[in-house]
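Here the structure comes first, spelled out in structure tokens, and everything after it is commentary.
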Amino acid sequence: MAQPRVLSGIQPTADSFHLGNYLGALRQWVALQDSYDAFYCVVDLHAITVPQDPALLTRRTRVAAAQLLGAGLDPDRCTLFVQSHVPEHTELAWILGCLTGFGEASRMIQFKDKSAREGQDQASVGLFTYPILQAADILLYQADQVPVGEDQRQHLELSRTLAQRFNHRFGQTFVPPQPYILADVAKIFDLQDPTAKMSKSSSTPQGIIDVLDDPAVIRKKIARAVTDAGSEVRADAAAKPGVTNLLRIYSALSGEPVATLEEKYAGSGYGGFKKDLADVVVGTFAPIREKTQLILADEAGLDRVLARGAAQARAVAGQTMAAVRDRTGLLKPAS
């Protein structure tokens with residue numbers, strides 16, 4: 001029996017993924033390789049919905065792919081590729097865009113939020129149609145399930161709607177994808193402002209733990225992380241948000257329940273707790289960093305891995321698009 005298929009993507013918009021990316025996506029993607037036919041892509045076309053430096057985007061795309069491999073994605077157990085290497089993504093996005101109502105697209109929460117922050121005149125048409133390209137990403141591969149967090153649920157629902165709309169109009173073509181609800185991961189907050197989510201767009205460098213941070217940098221960031229009045233290592237989101245955040249990080253990476261950690265550090269103060277937490281974070285990220293650096297040192301080898309992934313992806317995407325073109329009445333070129 002064929003394995004169910006999952007698809008997910010991540011943007012190459014920073015020099016390193018951060019702790020929240022690792023817990024919320026990377027670690028779980030690695031686990032899914034064993035039980036699913038897994039397709040993972042670096043979504044560089046999504047990245048250019050906002051201005052990007054071309055040279056930086058090229059470098060960050062390779063760094064993103066290398067980190068995914070460094071974290072444990074295996075090209076023999078999954079299909080890893082760069083979105084723009086598979087032109088069927090944009091072709092299907094155009095066709096789906098012609099089935100999407102303007103009002104329907106206008107209601108997408110991420111566009112509303114970003115255009116409200118930056119002004120609608122500054123928002124690109126690409127940002128507006130971003131969810132339609134995302135739907136194309138998913139439907140091209142006939143993904144049974146899509147790993148999603150709550151912030152992406154609306155976009156997945158649009159993918160389901162467009163799949164059903166196409167099927168109704170042109171005949172059964174797409175699998176309406178189901179959400180794969182990622183394991184409940186404690187929300188990780190900024191080390192310097194434990195009331196704000198850890199985020200590349202809003203956190204300061206000292207507030208974020210990056211996967212590719214040097215171990216000494218990780219230790220310094222954790223040592224300087226905001227704690228709370230008193231010295232009790234106890235979870236209390238309202239009264240002790242700083243320590244609670246550090247306990248959640250420790251628990252997520254070590255697998256030890258927060259209650260067990262509270263008992264372990266009862267009466268010991270913050271110093272020893274932070275030192276041990278730094279050991280746990282470094283122990284998790286240092287091997288990924290080292291492997292990522294080795295992969296990036298062989299740029300040609302990395303590009304070969306991505307070319308192989310793109311060929312595997314195009315084999316599937318090409319079959320889907322052949323059916324889509326035929327059913328929508330697009331004239332087949334003469335052979």
Side-chain angles (χ1 to χ4, degrees), residues 1-12 29 32-33 36-48 61-62 64-65 68-69 73-100 126 129-147 155-156 158-178 180 302-335:
M1 183 177 173
Q3 290 180 312
R5 182 171 290 161
V6 294
L7 176 131
S8 201
I10 194 162
Q11 289 197 35
W29 289 8
L32 288 173
Q33 295 176 113
Y36 287 85
D37 180 15
F39 282 65
Y40 299 124
C41 59
V42 179
V43 288
D44 53 344
L45 295 174
H46 287 298
I48 62 171
T61 300
R62 284 199 180 95
L68 292 173
L69 294 166
L73 290 191
D74 180 351
D76 292 327
R77 293 158 59 212
C78 71
T79 299
L80 174 64
F81 62 101
V82 175
Q83 182 188 29
S84 65
H85 292 178
V86 183
E88 288 84 355
H89 284 253
T90 49
E91 183 182 3
L92 181 57
W94 175 259
I95 293 170
L96 295 179
C98 295
L99 296 177
T100 308
T129 58
Y130 174 110
I132 300 167
L133 178 58
Q134 194 171 57
D137 298 338
I138 296 164
L139 299 182
L140 261 183
Y141 301 99
Q142 308 290 1
D144 298 289
Q145 293 183 292
V146 180
H155 288 183
L156 181 62
L158 177 66
S159 301
R160 288 178 51 77
T161 298
L162 292 176
Q164 291 160 349
R165 187 174 296 161
F166 189 99
N167 292 347
H168 178 73
R169 187 173 301 182
F170 299 110
Q172 186 63 37
T173 306
F174 293 117
V175 174
Q178 298 292 330
Y180 177 92
L302 173 58
D303 288 351
R304 284 193 297 272
V305 169
L306 295 175
R308 173 188 165 193
Q312 292 169 340
R314 288 204 74 181
V316 177
Q319 289 183 340
T320 299
M321 283 311 303
V324 168
R325 293 185 204 109
D326 180 60
R327 286 167 195 170
T328 51
L330 297 176
L331 183 64
K332 189 180 297 185
S335 57

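Computed from a predicted model, the values in this text were never measured in an experiment. We're numbering straight along the sequence, starting at 1.
The side chain to side chain contact (heavy atoms under 4.5 Å, CB included) test applied to T328 returns I95, F166, F170, V324, L330, not counting sequence neighbours. Under the rule for a side chain to side chain contact (heavy atoms under 4.5 Å, CB included), the partners of S84 that lie at least two apart in sequence or sit in another chain are D44, L45, V82. For Y141, the ring-ring contact (aromatic ring centres under 6.0 Å, His included) criterion is met by F39, F81, H89, not counting sequence neighbours. Every ring-ring contact (aromatic ring centres under 6.0 Å, His included) that Y36 has, sequence neighbours left out, goes to Y180. Applying the salt bridge (Lys or Arg N to Asp or Glu O under 4.0 Å) test to R5 and every residue at least two apart in sequence or in another chain returns D37. Take Q319 and apply the side chain to side chain contact (heavy atoms under 4.5 Å, CB included) test, not counting sequence neighbours, and it matches no residue.
Here the straight-line distance linking atom CE of M321 with atom OG1 of T173 works out to 10.5 Å at 0.5 Å rounding. To the nearest 0.5 Å, atom OH of residue Y40 and atom CG of residue L69 are 12.5 Å apart. Atom CG of L302 and atom OG1 of T61 lie 10.5 Å apart (nearest 0.5 Å).
Side-chain atoms of L133 and V43, non-hydrogen and from C-beta on, never get closer than 4.5 Å to each other. The shortest distance between side-chain heavy atoms of P147 and L32 falls below 4.5 Å.
Of all the heavy atoms in G97 and I132, the pair that sits closest is N-CG2, 3.5 Å. Listed here is the closest heavy atom pair of A163 and P176: CB-CA, 4.0 Å. Summarising the geometry of P177 relative to S159, their closest heavy-atom pair is CG-CB, 4.2 Å, with the distance given to 0.1 Å. Across T320 and L139, no two heavy atoms sit closer than the pair CG2-O, 4.0 Å. In this structure, A136 and A93 approach most closely via the heavy-atom pair CB-N, 3.6 Å.
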Practice task
Evaluate the side chain to side chain contact (heavy atoms under 4.5 Å, CB included) criterion for residues V316 and T79: first the C-alpha distance (whole Å), next the side-chain angles of each, then the deciding distance (0.1 Å), finally the verdict.
Solution key: CA-CA 11 Å; V316 177; T79 299; over 6 Å; no
Problem - Residue pair L140, L7: steps toward the side chain to side chain contact (heavy atoms under 4.5 Å, CB included) verdict - result: CA-CA 10 Å; L140 261 183; L7 176 131; over 6 Å; no
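Looking only at distances, no side-chain donor or acceptor of Q164 sits under 3.5 Å from a matching main-chain atom of F174.
Applying the salt bridge (Lys or Arg N to Asp or Glu O under 4.0 Å) test to pairs two or more places apart or on separate chains, those with a residue in residues 162-174 are E104-R165. Residue pairs meeting the salt bridge (Lys or Arg N to Asp or Glu O under 4.0 Å) criterion with at least one partner in residues 311-335, sequence neighbours excluded, are E88-R314, E91-R325.
None of L92, T100, N167 except one satisfies the side-chain contact (heavy atoms from CB on, under 4.5 Å) rule with L162; the exception is T100.
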Please tabulate, for side-chain N and O atoms in residues 304-313, each donor-acceptor pair with protein atoms closer than 3.5 Å (sequence neighbours left out).
residue	atom	partner	partner atom	Å
R308	NH1	D76	OD1	3.3
R308	NH2	P75	O	3.3
R308	NH2	D76	OD1	2.7

